[in-house]
A.B. asks: 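I have a structure here, written as structure tokens, and I will follow up with some questions on it.
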Amino acid sequence: SYFLYDGSLWTNPGKVSNDDSYYDPWINSFVYSIVKDSSTGDIYAAGVFLFAGITYSPNVARWDGTSWHAMSTGLSDRVYKLVFFNNELYAFGNFDYAGSTWVGKAAKWDGSSWQPFGTGFSGNVFDAVVFENELYACGEFRSVNGVSANFIAKYDGTNWTSVGDNLLDAPTIKIVVFNNQLTTGSSSSYRFQSSNRATCAFLDTNNQWQEKDFFYSDGCTSMIVYHNQLFLTDYNYSGTLLYRWNGYRFIQIYNSGVA
């Protein structure tokens with residue numbers, strides 16, 4: 001489920017559910033991404049579910065302020081990210097099909113159906129962000145549209161290309177813009193020119209990926225910029241850990257396993 005906030009009250013527009021005999025219809029349904037169309041006010045939700053309210057809408061749905069609507073036949077598997085780019089809606093995840101159409105982990109909504117844009121990614125796509133009029137996507141892929149692109153690629157509206165003169169060397173689960181720089185988080189760790197490992201990296205002005213501190217954790221699970229501050233989470237045996245970038249290094253500010 002998710003909730004809408006109107007400035008004073010939270011309301012629930014209706015649950016998403018995975019109504020399948022092999023799954024609990026609520027426990028196994030998740031919303032991973034929500035975006036709003038600024039031109040219409042409609043809200044789009046995506047994740048892993050079969051129904052939005054009572055509407056059959058596999059893994060992606062539209063809310064018009066009153067009711068849920070299916071988006072054609074939906075997408076065949078988990079959708080991790082929705083993003084608007086050049087006034088068009090894009091979806092990324094580990095799905096391969098929109099109905100019977102091969103899309104390869106990425107699809108574009110044309111107003112009535114999901115369409116491929118290129119031949120797709122070689123592996124799952126976990127996150128995407130728009131920066132300086134280009135669309136960046138990251139994940140565990142090695143190529144997109146046949147172009148080598150280790151774990152991160154950018155799209156200019158026509159072509160996909162790799163990012164950085166030195167390629168990242170680990171699956172990348174999150175990408176954000178922080179201090180006007182692309183910043184990434186790995187589900188494992190990056191290795192640069194030393195034996196040190198780093199969970200986070202940033203793209204410098206020379207188009208080189210650099211470690212953001214030699215901070216190393218069990219792997220980034222989430223990353224967000226809030227009030228011009230960078231936060232990330234990871235998970236280990238003691239619980240979920242929350243870190244904040246203090247300008248020099250990441251400092252732990254919360255541990256769910258400590259009372």
A.B. asks: Could you pull out the closest heavy-atom pair between V125 and F92, with the gap in Å?
C.D. replies: CG1-CB, 3.6 Å
A.B. asks: Can the ring centroids of Y254 and Y243 be said to lie less than 6.0 angstrom from one another?
C.D. replies: no
A.B. asks: Filter on salt bridge (charged side-chain N to carboxylate O under 4.0 Å, His left out), then keep only pairs touching residues 143-152, sequence neighbours left out; what's left?
C.D. replies: none
A.B. asks: Report the C-alpha distance between Y90 and F117 in whole Å, list the side-chain angles of each, state the deciding distance to 0.1 Å, and finish with yes or no for ring pair (Phe, Tyr, Trp, His ring centres under 6.0 Å).
C.D. replies: CA-CA 10 Å; Y90 292 80; F117 57 111; 5.0 Å; yes
A.B. asks: Checking the side chain of D77 only, and the main-chain atoms of G93 only, is there a donor and an acceptor separated by less than 3.5 Å?
C.D. replies: no
A.B. asks: Step by step, would you call V60 with W114 a side chain to side chain contact (heavy atoms under 4.5 Å, CB included)?
C.D. replies: CA-CA 11 Å; V60 62; W114 292 102; 3.8 Å; yes
A.B. asks: Which pairs pass salt bridge (charged side-chain N to carboxylate O under 4.0 Å, His left out) with one or both residues in residues 85-95, sequence neighbours excluded?
C.D. replies: E88-K108
A.B. asks: Membership question, hydrophobic clusters at under 4.5 Å side-chain separation (ILVMFWY): are V147 and I152 in the same one?
C.D. replies: no
A.B. asks: Check whether T73 reaches the backbone of G99 with its side chain - one donor and one acceptor, N or O, closer than 3.5 Å.
C.D. replies: yes
A.B. asks: With side chains defined as the heavy atoms from C-beta onward, is the minimum distance between W245 and F178 less than 4.5 Å?
C.D. replies: yes
A.B. asks: Heavy-atom distance under 4.5 Å between the side chains of T184 and K174, does that happen here?
C.D. replies: no
A.B. asks: Kindly give the heavy-atom pair with the smallest separation between F250 and L230, and that separation in Å.
C.D. replies: CZ-CD2, 3.8 Å
A.B. asks: Using the side-chain hydrogen bond (donor to acceptor under 3.5 Å, both in side chains) criterion, which residues pair with Y32? Sequence neighbours excluded.
C.D. replies: R78
A.B. asks: List for me each residue that meets side chain to side chain contact (heavy atoms under 4.5 Å, CB included) alongside V130, sequence neighbours excluded, and say none if there are none.
C.D. replies: V83, F85, L135
A.B. asks: With side chain to side chain contact (heavy atoms under 4.5 Å, CB included) as the criterion, how do L182 and F202 come out once you've worked through the C-alpha distance, each side chain's angles and the decisive distance to 0.1 Å?
C.D. replies: CA-CA 6 Å; L182 288 173; F202 70 95; over 6 Å; no
A.B. asks: State plainly whether one hydrophobic cluster holds both Y44 and F95, where clusters connect Ile, Leu, Val, Met, Phe, Trp and Tyr through side-chain heavy atoms under 4.5 angstrom apart.
C.D. replies: yes
A.B. asks: Among Y155, W160, Y80, which residue satisfies the ring pair (Phe, Tyr, Trp, His ring centres under 6.0 Å) criterion with F121?
C.D. replies: W160
A.B. asks: Any side-chain donor paired with an acceptor under 3.5 Å for D110 and S112?
C.D. replies: yes
A.B. asks: May I have all residue pairs that pass side-chain hydrogen bond (donor to acceptor under 3.5 Å, both in side chains) and include part of residues 47-57, sequence neighbours excluded?
C.D. replies: none
A.B. asks: Could you go through Y226 and R244, starting from their C-alpha distance and side-chain angles, then the distance that decides it, and tell me whether this counts as side chain to side chain contact (heavy atoms under 4.5 Å, CB included)?
C.D. replies: CA-CA 10 Å; Y226 179 70; R244 177 175 58 84; over 6 Å; no
A.B. asks: Might you point out which heavy atoms bring G146 and T119 nearest each other, and give the distance in Å?
C.D. replies: N-OG1, 4.2 Å
A.B. asks: Restricting to pairs with a member in residues 55-64, which pass salt bridge (charged side-chain N to carboxylate O under 4.0 Å, His left out), not counting sequence neighbours?
C.D. replies: D42-R62
A.B. asks: Quick one, F141 and N124 - any side-chain contact, counting heavy atoms below 4.5 Å?
C.D. replies: no
A.B. asks: Restricting to pairs with a member in residues 128-150, which pass salt bridge (charged side-chain N to carboxylate O under 4.0 Å, His left out), not counting sequence neighbours?
C.D. replies: E134-K154
A.B. asks: Quick one: side chain to side chain contact (heavy atoms under 4.5 Å, CB included) partners of D96, sequence neighbours excluded?
C.D. replies: W102, K105
A.B. asks: Nearest 0.5 Å please: distance from the CG atom of L168 over to the CG atom of N150.
C.D. replies: 8.0 Å
A.B. asks: Write down the atom of A91, the atom of L75, and the distance for their closest heavy-atom approach.
C.D. replies: CB-CD1, 3.9 Å
A.B. asks: For the side chain of D204 and the backbone of N206, is there at least one donor-acceptor N/O pair under 3.5 Å apart?
C.D. replies: yes
A.B. asks: Sequence neighbours excluded, which residues qualify as side-chain hydrogen bond (donor to acceptor under 3.5 Å, both in side chains) partners of T221?
C.D. replies: T233
A.B. asks: Tell me the closest heavy-atom pair linking M71 and L89, and the distance in Å.
C.D. replies: CE-CD2, 4.0 Å
A.B. asks: So, taking the atom named CZ in F151 and the one named OG in S187, what distance separates them when rounded to the nearest 0.5 Å?
C.D. replies: 8.5 Å
A.B. asks: Over all heavy atoms of both residues, which pair between A198 and E211 is shortest? Give the atoms and the distance, please.
C.D. replies: CB-CB, 3.7 Å
A.B. asks: If only atom types and distance count, is the side chain of T172 paired as donor or acceptor with the main-chain N or O of S186 below 3.5 Å?
C.D. replies: no
A.B. asks: Can you name the side-chain hydrogen bond (donor to acceptor under 3.5 Å, both in side chains) partners of S38, sequence neighbours left out?
C.D. replies: none
A.B. asks: Would you give the length of the straight line joining atom CG of D156 to atom CG of N86, rounded to the nearest 0.5 angstrom?
C.D. replies: 9.5 Å
A.B. asks: Please check if the side chain of S76 supplies one atom and the backbone of Y97 the other of a donor-acceptor pair under 3.5 Å.
C.D. replies: yes
A.B. asks: With distance as the sole test, does D37 use its side chain to make a donor-acceptor pair with the main-chain N or O of G41 at under 3.5 Å?
C.D. replies: no
A.B. asks: Can you name the residues that form a side chain to side chain contact (heavy atoms under 4.5 Å, CB included) with N59, not counting sequence neighbours?
C.D. replies: V48, V79
A.B. asks: Measure the shortest side-chain to side-chain distance between W109 and Q115 over non-hydrogen atoms and say whether it is less than 4.5 angstrom.
C.D. replies: no
A.B. asks: Sequence neighbours excluded, which residues qualify as side chain to side chain contact (heavy atoms under 4.5 Å, CB included) partners of N207?
C.D. replies: D165, L203
A.B. asks: Going through the distances and angles, do F51 and W68 end up as a side chain to side chain contact (heavy atoms under 4.5 Å, CB included)?
C.D. replies: CA-CA 9 Å; F51 289 85; W68 286 105; over 6 Å; no
A.B. asks: Does one hydrophobic cluster hold both V176 and L232, with members joined at side-chain heavy-atom distances below 4.5 Å?
C.D. replies: yes
A.B. asks: Is I175 reachable from V144 through a run of I, L, V, M, F, W or Y residues, each pair having side-chain heavy atoms under 4.5 Å apart?
C.D. replies: no
A.B. asks: Any side-chain heavy atom of C220 within less than 4.5 Å of one from D234?
C.D. replies: no
